[in-house]
Amino acid sequence: MAENVLHVENVTMQFGGVIAVNSLTMDVNQGEIVALIGPNGAGKTTAFNVITAVYEPTNGKVAFYHKPMVENYPKGKMKKLYAGQNSSAYTQSISPTPDKITRLGIARTFQNIRLFKSLSVFENVLIAKHMRAKQNVFSATFGLNAKEEARMRAETIALLEEQDLMHLKDEIAGSLPYGLQRRLEIARALATRPKLLLLDEPAAGMNPQETEDLGAFITQIRDKYKLSILVIEHHMDLVMEVADRIYVLDFGKLIAQGTPSEVQDNPDVITAYLGVDEE
Amino acid sequence: MKKSTKTLCSCIALALLVGFLLYMETLKTTQGMAVSILQKGAIFSIAAVSMNLLNGFTGLFSLGQAGFMAIGAYVTAIFTIPTEKIVAVYYMNGVSEGIMSIKRALSFLPEPVLVLLALIAGGLVAAGFAALVGIPVLRLKSDYLAIATLGFSEIIRALISSPQMDKITNGSYGLKNIPGFGGENGLGCLLVPFGIAALCIVIMVLLIRSSYGRAFKAIAEDEVAAEAMGINLAHHKEMAFVISSFFTAVAGGLLAMYMRSIEAKTFQVILTYDILLIVVIGGIGSVTGSVIGAFLVTASKEWWLRFFDTPLKIGNFQVPLLRTGFRMVIFSLLLMAVVLFWRRGLMGNREFNWDDIPRFGRWVKRKFTKTPATEGGERNG
Ligand SMILES: Nc1ncnc2c1ncn2[C@@H]1O[C@H](COP(=O)(O)OP(=O)(O)OP(=O)(O)O)[C@@H](O)[C@H]1O
Ligand SMILES: [Mg+2]
């Protein structure tokens, strides 16, 4: 079996009295495309936010290539309030800042596109190169990092060309049509050189043609950049097309998992989606 | 316009500016007002650009400027007041032995070197304070950050005038006999502040254009996305805060030299407000805007609007409202007009470019030609 890239274990995220994610356990292995699906409000984005350390989970653990990356147990106010399970399974608290997660090699896109709207397409991607550049504020200010700067720019241009965005280089990001903004956000995430890519509803706001192309695109970047991909998506056609495995969340709980065909026929999944409008 | 043409234009403009400053220096005695406005404009342009670095480019709404300027001003003053005059300055409380020994140790330095050293020292002390204050304060979000830094600035002011600091800051008596810019004949009285301002602003522009500047802009645009790009928020915010405070303190040091005597009252919140005004009028996120704003605001406050302060009698009729302080009312009204109708300031977040000149010409022409804006008219006008 392929090496384990991401291991999410008993993750519970509780906001006050609301349990947004309830004891979620899931894995992403090397080279896999894994889909996370579920009705609106199921807790999918919250799961992403825990993995990328935007939120500190109330309980549970996340490991990246077998190394614990995020871990927590109910403490402080949550000690009394905690309504989930496994409350005594974890004993240490590891809570990095999101930039550390990115540095480790996990990049993400956002459900409600978060580009640097008033900066150019080129700058949006170039910024992703900042964290790995060998420089300090002094050398950067006085141009002593000219080599690094040139390398960052060259890599940015190469990526924009690969992603077919070069002709938009000087456009202001916020002025692009929705579909292209999504593509730029993915390009920007790729620029951080991730090993694992998290995509939060990449098809949202895309037109039918763009959505149709997206499946091939996701597989293509997986192969080209040797990625593993975890994707949240509502478009079932797309999920069935690209996903190797699927996890289904409902009210924060995992209700099913397996290959697309296994999940498709699962009665729990059908119930969860029944009466829930897709899109 | 071609790049070489632009470079040529810039060189000519720079040469003209230096020539103009040299000429103005010779007129120091007759054109005192103009000279002092130019000096103050240069000083405030440093303060405004460094505020813009923080508020405009990094998106941190800090209002601690007056405090950092006070630190810079006091350090510069203590370093530069001539050793033979310092006992007279501190006649009430005496001078701290530490200060005296530093001054004696540095007495071999020629004055220009001492001044530079003093400005840098002021900047470093302020940067140190910023580094300490920044750790807790920069976690706060916008309005809270503004309130906390405002509070910091007032605490600095209170500290400076507190009796415990008498031997260092001369408490509430303030510091006098600070050497001004340039020598007796006025030589250097403009080139010195302009030179230092240019140096500071060039460094800040280089920073803004560097990889770190881009990271600052990313933080200003969207903190969550910036973090997702691997930018450490705490680290970068702290860096912007410390650098901005350094240059703010240099401006404070220059202000001390401009004023020749300072006291804690000089650095009230109103000073921060003045700088904020310049930044807003010039355009948040525009360096050239801040520079233009600094001179414009200084000139209008100190000079062009003076007219409103002098009582005027036409025949027997006393023109109402015109008396001391009225210019500030007019000034505030102008500010409100800018904020209401020209919200993005003079420059928005753009920088000056030589291409703007012909564009501006076309814009003026279009505004003032009566012909309806047909397609042909557009093309010609
Ligand atoms: N910061 C927060 N504070 C309080 N509650 C939150 C917070 N973030 C999410 N929630 C709650 O957690 C639940 C799950 O939200 P989440 O955004 O993860 O859903 P989702 O599966 O991504 O849904 P969608 O398909 O609509 O994007 C919701 O009930 C939401 O209100
Ligand atoms: Mg969501």
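Order of the sequence lines fixes the chain letters, A, B, ..., with proteins taken first and strands second; residue numbering starts at 1 for each chain. Computed from a prediction, not measured in an experiment: that's the story for all the values here.
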(request) For side chain to side chain contact (heavy atoms under 4.5 Å, CB included), just list the numbers for B:Leu207 and A:Val137, CA-CA rounded to whole Å, side-chain angles, deciding distance to a tenth of an Å, and then say yes or no. (result) CA-CA 8 Å; B:Leu207 172 67; A:Val137 67; 3.5 Å; yes
(request) Kindly determine whether A:Thr141 and B:Ile243 satisfy side chain to side chain contact (heavy atoms under 4.5 Å, CB included), including the steps that lead there. (result) CA-CA 12 Å; A:Thr141 300; B:Ile243 294 171; over 6 Å; no
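The shortest non-hydrogen separation linking A:Arg114 to B:Asp222 is NH1-OD1, 2.7 Å. B:Ala218 and A:Phe116 get closest at one heavy-atom pair: O-CE2, 3.5 Å.
For A:Ala128, the parts lying near chain B are the backbone and the side chain together; criterion is any non-hydrogen pair under 4.5 Å. Neither the backbone nor the side chain of A:Ala133 comes within less than 4.5 Å of any heavy atom of chain B. No part of B:His235 comes within reach of chain A, as not one of its non-hydrogen atoms sits under 4.5 angstrom from that chain. Interface remark: A:Gln135 contributes backbone and side-chain atoms alike to the contact with chain B (heavy atom separation under 4.5 Å). Of the atoms belonging to A:Thr52, not a single heavy atom falls under 4.5 Å from chain B. With a 4.5 Å cut-off on non-hydrogen atoms, A:Phe110 touches chain B through its side chain but not through its backbone.
The pair B:Arg214-A:Glu149 meets the salt-bridge criterion, since a charged nitrogen lies less than 4.0 angstrom from a carboxylate oxygen.
No more than 12 heavy-atom neighbours from other residues, nucleotides or ligands sit within 6.0 angstrom of OH on B:Tyr144. The environment of A:Arg193 atom CZ is sparse: at most 12 non-hydrogen atoms of other residues, nucleotides or ligands sit within 6.0 angstrom. Heavy atoms of other residues, nucleotides or ligands lying less than 6.0 angstrom from NZ of A:Lys147 number 12 at most.
At a threshold of 4.5 Å between non-hydrogen side-chain atoms, the residues A:Lys117 and B:Glu221 count as touching. Two residues are said to be in side-chain contact when any heavy atoms from C-beta on lie closer than 4.5 Å; A:Arg188 and B:Met229 meet this criterion.
When each of B:Val205, B:Leu233, B:Val224 is scored by its heavy-atom pairs under 4.5 Å with chain A, the top score falls to B:Val224. Of the residues considered (B:Ala215, B:Ser211, B:Ser210, B:Ala228), B:Ser211 shows the highest number of contacts with chain A, using heavy-atom pairs under 4.5 Å. Of the residues considered (A:Leu104, A:Ile101, A:Ile127), A:Ile127 shows the highest number of contacts with chain B, using heavy-atom pairs under 4.5 Å. Chain A forms more heavy-atom pairs under 4.5 Å with one residue of B:Gly213, B:Ala226, B:Ala234 than with any other, namely B:Ala226. The candidate with the highest count of non-hydrogen atom pairs below 4.5 Å against chain B, out of A:Leu126, A:Thr97, A:Val54, is A:Leu126.
Between B:Asn232 atom CG and A:Thr102 atom OG1 the span is 11.0 Å, to the nearest 0.5 Å. Note that the NZ atom of A:Lys100 and the CD atom of B:Glu227 stand 10.0 Å from one another [nearest 0.5 Å].
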